[in-house]
Amino acid sequence: MTFLPTKYVPLDASMIGVASMIMGGLQSNDTVSTLWDRLRMHPQIRTFDRYAEALTLLFAANLIDVRNGILIQPAGGGKAA
């Protein structure tokens, strides 16, 4: 999967697009599994591999974190420390 959209890869098929869909679907008290159960039917996500790659991108960008098994958006997420 491509990381960024291109002339031939639309935004929703890129890793950035899948990650944004995950961020939009994130609710309070979501675990990795509950979020997957809710989003896995979206045609853009399709497979657990794509879902896991997008979660990895969000973790690396400090836009999500896991505390006590729950996915959270850290305060000031995405900002350099």
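Quick caveat, the model's predicted, so the values are computed rather than measured. Scope of the values below: all heavy atoms of this structure, side chains included, with no hydrogens, waters or symmetry mates.
The closest side-chain heavy-atom distance from Thr31 to Leu71 is not below 4.5 Å. Ile64 is not listed as a side-chain neighbour of Ile72, based on a closest heavy-atom distance of 4.5 Å or more. The shortest distance between side-chain heavy atoms of Arg40 and Arg46 does not fall below 4.5 Å.
Rounding to the nearest 0.5 Å gives a distance of 5.5 Å between NE2 of His42 and CE of Met21. Of the inter-residue distances, the one linking Asn29 atom CG with Leu35 atom CG reads 12.5 Å to the nearest 0.5 angstrom. Taking CZ from Arg38 and CD1 from Ile22, the interatomic distance works out to 11.0 Å, rounded to the nearest 0.5 Å.
No chain of hydrophobic side-chain contacts below 4.5 Å, direct or via other Ile, Leu, Val, Met, Phe, Trp or Tyr residues, connects Ile70 to Val66.
Contact record, Val32 with Tyr51: O-OH, 2.8 Å, taken as the closest heavy-atom pair. Taking all atoms of both residues into account, the shortest heavy-atom contact from Phe48 to Trp36 is N-CH2, 3.3 Å. Closest heavy-atom contact between Pro74 and Leu63: CD-O, 3.6 Å.
Between the side chain of Thr34 and the main chain of Asp30, no donor-acceptor pair closer than 3.5 Å is present. Looking at Arg50, its side chain never comes within 3.5 Å of a backbone N or O of Thr47 through a donor-acceptor pair.
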